[in-house]
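Here is the structure we will look at, set down as structure tokens.
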Amino acid sequence: MAKKVTFLGLGVMGFPMAGHLAAAGHEVAVYNRTTSRAEAWVAKHGGRQERTPAAAAKGASLVFACVGNDDDLRSIVYGETGALAGMEKGAVFIDHTTASAEVAREIAAAAAESNLHFLDAPVSGGQAGAENGKLTVMVGGEPPIFEQAKPVIDSYARSCVLMGPVGSGQLTKMVNQICIAGLLQGLSEGMNFAQRAGLDGKRVVEVISKGAAQSWQMDNRALTMLEGEFDFGFAVDWMRKDLGICLAEAKTNGARLPVTALVDQFYAQVQARGGQRWDTSSLIQLLAKD
Ligand SMILES: NC(=O)c1ccc[n+]([C@@H]2O[C@H](COP(=O)([O-])OP(=O)(O)OC[C@H]3O[C@@H](n4cnc5c(N)ncnc54)[C@H](OP(=O)(O)O)[C@@H]3O)[C@@H](O)[C@H]2O)c1
């Protein structure tokens with residue numbers, strides 16, 4: 001059933017996600033800090049553009065957001081022009097930003113004070129997943145609130161799963177990023193080793209990707225790593241933000257993340273080489289011959 005919804009933050013991810021909501025027949029209002037992107041979105045998809053998150057959130061039953069980090073999120077949620085100030089009783093704020101579990105719990109508490117609901121719902125699948133409507137969405141919150149939002153989230157999701165109470169979506173996304181960090185370092189070392197051993201890297205990948213070493217990263221990144229192509233994909237700056245969140249959470253739950261901490265430092269070296277916007281597979285650059 002068509003709903004009145006709002007989308008805040010029309011970046012690489014938010015722009016196509018909001019587009020899928022419009023394509024599914026929902027009445028969409030948008031806000032973006034840089035207004036030209038909101039204008040471009042309305043020109044492409046129709047709907048309504050507003051100058052503040054509060055104005056965009058007015059009248060919506062579901063308010064979605066996808067901005068950069070914890071502080072960006074706070075700046076669109078709180079205050080007179082923030083989303084919570086514009087939302088009507090019973091409405092749900094759904095956050096797709098990759099942020100901390102702590103900020104999720106904080107905003108959920110602030111929302112509850114105004115009789116509003118909150119779900120943390122970070123995504124995996126990248127720009128391609130957002131554009132194709134095939135994201136994996138990991139959600140934290142109350143089951144009845146999740147049930148309200150899920151059919152709408154399904155407009156851009158291949159999978160949308162409730163993981164537990166508020167914060168559980170972000171914690172699940174942290175597990176995702178921890179797994180990817182170590183895996184990419186292993187893949188970098190393997191590809192670099194193949195090159196130095198004089199093997200045909202492409203043939204190596206063809207063979208070993210049929211066996212136990214197979215991974216999404218191998219299927220989608222090994223060949224571009226061998227070619228030294230990194231000007232696309234998931235930016236190192238974003239990965240460092242995410243690993244910072246994981247390492248901070250590990251301090252509170254006691255998990256040991258020795259490899260993740262090491263790979264985080266490798267990414268700092270990639271940044272120092274000017275690779276802030278390179279894809280996360282650029283770790284292999286640090287192993288290249290000078
Ligand atoms: N890109 C990926 O492959 C990917 C995959 C999974 C998860 N994510 C996560 O999804 C989130 C968004 O990523 P993205 O790639 O879409 O980033 P992006 O292209 O840089 O877009 C960020 C969006 O947030 C807005 N924003 C940032 N700070 C703000 C502030 N203080 N106040 C208001 N708006 C603000 C930006 O507005 P302006 O247009 O004005 O700058 C823009 O709309 C991040 O948390 C990222 O980690 C990204």
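In each ligand, atom 1 is the first atom listed, and ligand 1 is the first ligand listed.
Taking every heavy atom of Val123 and a limit of under 4.0 angstrom, the matching atoms of ligand 1 come to 6 (C), 7 (C). Of all the atoms in ligand 1, the ones that sit under 4.0 Å from a non-hydrogen atom of Gly126 are 3 (O), 5 (C). Distances below 4.0 Å separate heavy atoms of Gln127 from the following atoms of ligand 1: 3 (O). Within ligand 1, counting atoms from 1 as listed, the ones closer than 4.0 Å to a heavy atom of Lys173 are 6 (C), 7 (C). The atoms of ligand 1 that sit less than 4.0 Å from any heavy atom of Cys66 are 10 (O), 11 (C), 12 (C), 23 (C), 24 (O). Near Thr98, the atoms of ligand 1 lying under 4.0 angstrom from a non-hydrogen atom of the residue are 7 (C), 9 (C), 45 (O), 47 (O).
For the pair Leu62 and Gln148, the tightest heavy-atom approach, listed with the atom from each and the gap, is CD1-O, 4.5 Å. When all heavy atoms of Pro122 and Thr97 are compared, the closest pair comes out as CB-O, 3.9 Å.
Taking only non-hydrogen atoms, the option from Thr97, Val67, Val30 nearest to atom 44 (C) of ligand 1 is Val67.
Of the protein's heavy atoms, Gly68 O, 2.8 Å lies nearest to atom 45 (O) of ligand 1. The closest protein non-hydrogen atom to atom 16 (O) of ligand 1 is Met13 N, 2.9 Å. Counting only heavy atoms of the protein, atom 47 (O) of ligand 1 lies nearest to Lys241 NZ, 2.8 Å. In this structure, the protein non-hydrogen atom closest to atom 40 (O) of ligand 1 is Thr34 OG1, 2.5 Å. The nearest protein atom to atom 17 (O) of ligand 1, hydrogens excluded, is given as Trp238 CZ2, 3.2 Å; this is a heavy-atom distance. Taking atom 43 (O) of ligand 1 as the reference point, the nearest protein heavy-atom neighbour is Asn32 OD1, 2.6 Å. For atom 33 (C) of ligand 1, the nearest non-hydrogen atom of the protein is Ile76 CG2, 3.4 Å. Protein heavy atom closest to atom 32 (N) of ligand 1, with residue, atom name and distance, is Ser75 OG, 3.4 Å.
Within 6.0 Å of CD in Glu142 there are 12 or fewer heavy atoms belonging to other residues, nucleotides or ligands.
Some N or O of Val12 is nearer than 3.5 Å to an N or O of ligand 1, by distance alone. Polar contact with ligand 1: absent for Gly9 (N/O pair, distance under 3.5 Å).
With a 4.0 Å heavy-atom cut-off, ligand 1 is reached by no atom of Leu8. With a heavy-atom cut-off of 4.0 Å, Arg74 does not touch ligand 1 at all.
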Review point. Could you walk me through whether Arg240 and Gln271 pass the side chain to side chain donor-acceptor pair (under 3.5 Å) check?
Key: CA-CA 9 Å; Arg240 284 219 75 207; Gln271 286 175 315; 3.1 Å; yes

Check your understanding: Can Glu131 and Gln127 be said to form a side chain to side chain donor-acceptor pair (under 3.5 Å), step by step?
Key -> CA-CA 6 Å; Glu131 287 171 355; Gln127 182 174 357; 3.1 Å; yes

Practice item. Starting from the C-alpha separation in whole Å, work towards a yes-or-no answer on side chain to side chain donor-acceptor pair (under 3.5 Å) for Glu106 and Tyr78. Key: CA-CA 11 Å; Glu106 172 197 304; Tyr78 298 135; 2.7 Å; yes

Exercise for review: Take Asp70 and Ser100, measure what side chain to side chain donor-acceptor pair (under 3.5 Å) needs, and give me the verdict at the end.
Suggested key: CA-CA 7 Å; Asp70 285 20; Ser100 67; 2.6 Å; yes

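Residues Phe118 and Val67 fall within the same hydrophobic cluster, defined by Ile, Leu, Val, Met, Phe, Trp and Tyr side chains chained together at heavy-atom separations under 4.5 Å.
Ring geometry for His20 versus Tyr156: interplanar angle of 30 to 60°, hence tilted. Between Phe7 and Phe64, the ring planes lie parallel to each other; the angle is under 30°, not in the 30° to 60° tilted range.
You'll find the side chain of Arg196 reaches within 4.5 Å of the side chain of Lys289, heavy atoms only.
Remark: the Glu189 side chain and the Gln185 side chain contain an N/O donor-acceptor pair separated by less than 3.5 Å.
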